[in-house]
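In each ligand, atom 1 is the first atom listed, and ligand 1 is the first ligand listed.
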Amino acid sequence: MNIILLGPPGAGKGTQAKFLEDRFDIVQLSTGDMLRAAVASGSALGQKAKEIMNAGRLVPDELVIRMISDRIDRPDCKNGFILDGFPRTVPQAEALDGMLAEKGLKLDHVIEMTVEDDALVERITGRYSCAKCGVGYHDLFQLPKVAGVCDNCGGAAFKRRADDNVETVETRLTQYHAQTAPILPYYRSKGVLKAVDGMAAIEDVTRQIEAVLAG
Ligand code: ADP
Ligand code: ADP
Ligand code: ZN
C-alpha cells in the first residue's frame with residue numbers, strides 16, 4: 001500500500017506516519033527527515049539545503065525528486081510507503097506520477113490532514129523529539145509518560161528543530177498555501193483525495209485515517 005499524507009507543517013503527518021508504519025508494515029518516507037540527515041552529514045545535498053530549510057523555504061524540486069526516487073527503489077519499500085512531506089509542489093506531484101508509472105507502482109490513498117493555521121503555530125513551536133530514536137513529542141499535547149524519558153527507547157536527551165520557531169513558521173505556512181495547497185485539486189480531480197480532521201486528538205486522527213484506508 002502506497003499512501004501520501006498531505007497537510008501543512010505541524011499537521012501531524014509524522015506522528016500519524018509512525019502509527020501507520022507499525023500497523024501496515026510500510027515505511028515512512030519523510031523528505032524533511034532525509035534532508036535533515038543530509039544537512040547533518042555535510043553532503044553536497046545537505047550543503048545546498050541547509051540555508052533554504054533554516055529560512056523555511058522549499059528546496060529545489062529536482063533535488064527532492066531525485067532523492068525520493070532513489071529512496072523508493074530501496075528494498076524496504078517493497079511492501080509500501082507513506083510519503084510525508086512530498087510532494088510539496090505541482091511539479092513534484094507530476095514527477096511522482098511519472099516515477100511511479102516507471103517503477104510499476106501506484107498510489108492507493110492521498111489523505112489530506114486539515115488543521116487551522118493558529119493551531120499549527122502552537123504545534124510547531126512546542127514540538128521536540130527524542131535525540132536517540134527520533135520519536136516525536138509536544139510540550140503540551142504529547143508528553144512522555146515519565147518526564148524526561150523517551151517512551152520508546154528510554155533515552156533522556158531530546159532535540160528541537162532549527163526551523164521550528166515563530167519567525168520561520170510564518171514563512172513555511174505562506175509557502176504551504178502558495179506552493180503546496182495547489183496540489184490538492186490535482187489529486188481531487190483524480191478522485192484519490194480524502195480529508196481527515198487534523199484538529200482532533202491524535203488517537204482520533206489515527207482512527208479517521210484507518211477508516212479511510214479500510215474504505
Ligand atoms: P508534521 O509531520 O505534519 O509537521 P508532526 O507529526 O511533527 O507534524 O506534529 C507536530 C507537533 O504537533 C508534534 O509535536 C506532535 O506531537 C503534535 N501533534 C501531532 N498531532 C497532533 C494532534 N492531533 N493534536 C495535538 N498535537 C498534535
Ligand atoms: P514540516 O512538516 O514541519 O513542514 P518537513 O520536515 O516536512 O517539515 O520539512 C522541513 C523543511 O525541509 C521544509 O521547510 C523544506 O525546506 C524542506 N523540505 C522537505 N520536504 C520538501 C519537499 N518535498 N520539497 C522542498 N523542500 C522540502
Ligand atoms: Zn527515544
Side-chain angles (χ1 to χ4, degrees), residues 4-19 28-39 45-46 48-68 71 82-93 95-96 111-116 119-144 148-164 168-169 171-176 179-180 183 196-209:
I4 300 178
L5 288 184
L6 259 180
K13 303 181 295 294
T15 302
Q16 298 299 331
K18 293 281 182 234
F19 291 120
Q28 174 194 16
L29 305 183
S30 158
T31 43
D33 285 348
M34 291 177 212
L35 289 166
R36 279 184 289 280
V39 170
L45 170 62
K48 282 187 198 136
K50 186 175 179 179
E51 295 312 319
I52 300 174
M53 292 173 75
N54 283 342
R57 289 181 288 110
L58 294 181
V59 173
D61 286 334
E62 62 274 17
L63 299 181
V64 278
I65 290 166
R66 194 174 328 128
M67 185 177 77
I68 206 81
R71 183 65 187 84
I82 308 145
L83 292 172
D84 161 9
F86 181 92
R88 240 176 168 98
T89 63
V90 171
Q92 290 182 21
L96 176 65
I111 301 176
E112 177 194 5
M113 303 176 65
T114 58
V115 178
E116 289 160 16
L120 296 171
V121 175
E122 196 176 27
R123 285 192 190 179
I124 289 173
T125 52
R127 167 161 63 186
Y128 64 98
S129 62
C130 174
K132 194 166 153 200
C133 74
V135 159
Y137 295 99
H138 190 280
D139 291 327
L140 303 174
F141 309 130
Q142 202 183 6
L143 294 155
V149 182
C150 174
D151 296 344
N152 183 49
C153 77
F158 297 87
K159 59 177 196 239
R160 289 179 193 263
R161 282 168 42 179
D163 58 343
D164 278 351
T168 308
V169 166
T171 312
R172 288 159 62 197
L173 290 178
T174 306
Q175 295 274 346
Y176 178 80
Q179 308 251 57
T180 308
I183 68 182
V196 299
D197 175 16
M199 294 291 286
I202 293 175
E203 313 72 57
D204 293 335
V205 178
T206 305
R207 275 194 284 274
Q208 292 180 58
I209 293 175

Which atoms of ligand 1 sit under 4.0 Å from any heavy atom of [X]?
X      : value
Tyr137 : 13 (C), 14 (O), 16 (O)
Gln142 : 15 (C), 16 (O)
Ala201 : 23 (N)
Phe141 : 25 (C), 26 (N)

query: Is there any N or O on Gly12 that sits under 3.5 Å from an N or O of ligand 1?
result: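 Yes, there is a polar N/O contact under 3.5 Å.
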Sub-4.5 Å side-chain heavy-atom contact between [X] and [Y]:
X      : Y      : value
Val115 : Arg123 : yes
Leu6   : Met113 : no
Lys159 : Ser129 : yes
Thr168 : Asn54  : no

- Task: Start with the C-alpha gap between Asp163 and Arg57, add the side-chain angles, then the distance that decides, and say whether salt bridge (charged side-chain N to carboxylate O under 4.0 Å, His left out) holds.
- Result: CA-CA 10 Å; Asp163 58 343; Arg57 289 181 288 110; over 6 Å; no
Might you point out which heavy atoms bring [X] and [Y] nearest each other, and give the distance in Å?
X      : Y      : value
Asn152 : Tyr137 : N-OH, 4.0 Å
Leu173 : Pro9   : CD2-CG, 3.9 Å
Ala93  : Pro87  : N-CB, 3.5 Å
Leu120 : Gly10  : CD2-C, 3.7 Å
Val59  : Ala49  : CG2-CB, 4.0 Å
Phe158 : Cys130 : CD2-CA, 3.8 Å

Please state which part of [X] comes within less than 4.0 Å of ligand 2, counting heavy atoms only: side chain, backbone, both or neither.
X     : result
Lys50 : neither
Leu58 : both
Lys13 : side chain
Val59 : both

[X] near ligand 1 by a heavy-atom separation under 4.0 Å:
X      : value
Gly136 : no
Ala200 : yes
Gly10  : yes

Test your reading of the model: is there a side-chain donor-acceptor pair from His138 to the backbone of Glu122, 3.5 Å cut-off?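 Confirmed, His138 side chain pairs with Glu122 backbone.
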Side-chain (Arg66) to main-chain (Leu63) donor-acceptor, under 3.5 angstrom: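 It does not hold such a pair.
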Best match, [options]: closest heavy atom to [atom]:
atom                    : options                      : answer
atom 8 (O) of ligand 2  : Arg57, Arg161, Met53         : Arg161
atom 12 (O) of ligand 1 : Gln28, Arg123, Lys18         : Arg123
atom 5 (P) of ligand 2  : Gln92, Arg88, Met67          : Arg88
atom 6 (O) of ligand 1  : Ile124, Asp84, Val205, Thr15 : Thr15

Numbered atoms of ligand 2 (with element) below 4.0 Å of [X], judged on heavy atoms:
X      : result
Arg172 : 1 (P), 3 (O), 4 (O), 8 (O)
Val64  : 22 (C), 24 (N)
Arg36  : 6 (O), 10 (C)
Pro9   : 1 (P), 2 (O), 3 (O), 4 (O)

Margin query: Geometry only, no angles: is Asp33 polar-contacting ligand 2 at N/O separations under 3.5 Å?
Written below: no
Q) Would you say ligand 2 has an N or O under 3.5 Å from any N or O of Asp163? A)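 No; every N/O pair is 3.5 Å or more apart.
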Which residue owns the protein heavy atom closest to [atom], what's the atom, and how far is it?
atom                    : result
atom 17 (C) of ligand 2 : Leu35 CD1, 3.6 Å
atom 21 (C) of ligand 1 : Ile202 CG1, 3.3 Å
atom 2 (O) of ligand 1  : Gly14 N, 2.8 Å
atom 20 (N) of ligand 2 : Thr31 OG1, 2.8 Å
atom 7 (O) of ligand 1  : Arg127 NH1, 2.7 Å

So for Ser30 against ligand 1, with non-hydrogen atoms under 4.0 Å, the contacting part is neither
Point to revise | Structural part of Ala17 in contact with ligand 1, heavy atom criterion under 4.0 angstrom | key: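 The answer is neither; Ala17 stays 4.0 Å or more away.
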Q | Step-by-step salt bridge (charged side-chain N to carboxylate O under 4.0 Å, His left out) determination, Asp164 to Arg172 | A | CA-CA 10 Å; Asp164 278 351; Arg172 288 159 62 197; 3.0 Å; yes
Paired with Phe86, the side chain to side chain contact (heavy atoms under 4.5 Å, CB included) test is passed by just one of Leu5, Thr31, Leu29, Ile4, namely Thr31
Query raised in the report: Of Asp61, Val64, Ile65, which is the lone residue that meets side chain to side chain contact (heavy atoms under 4.5 Å, CB included) with Thr89?
Result: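 With Thr89 as partner, side chain to side chain contact (heavy atoms under 4.5 Å, CB included) holds for just one option, Asp61.
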For Thr180 and Gln175, which I'm curious about, is there any donor-acceptor pair between the side chains at under 3.5 Å?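 There is no such pair (donor and acceptor under 3.5 Å, judged by atom type) between the side chains of Thr180 and Gln175.
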Side chain to side chain donor-acceptor pair (under 3.5 Å) with Gln28: of Lys18, Lys13, Gln16, only one passes, and it is Lys18
For SG in Cys153 and SG in Cys150, the angle at the Zn ion (ligand 3) (nearest 10°) is 120°
### Query
Under a heavy-atom criterion of less than 4.0 Å, does Gln175 contact ligand 2?
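Flag not set, Gln175 not near ligand 2.
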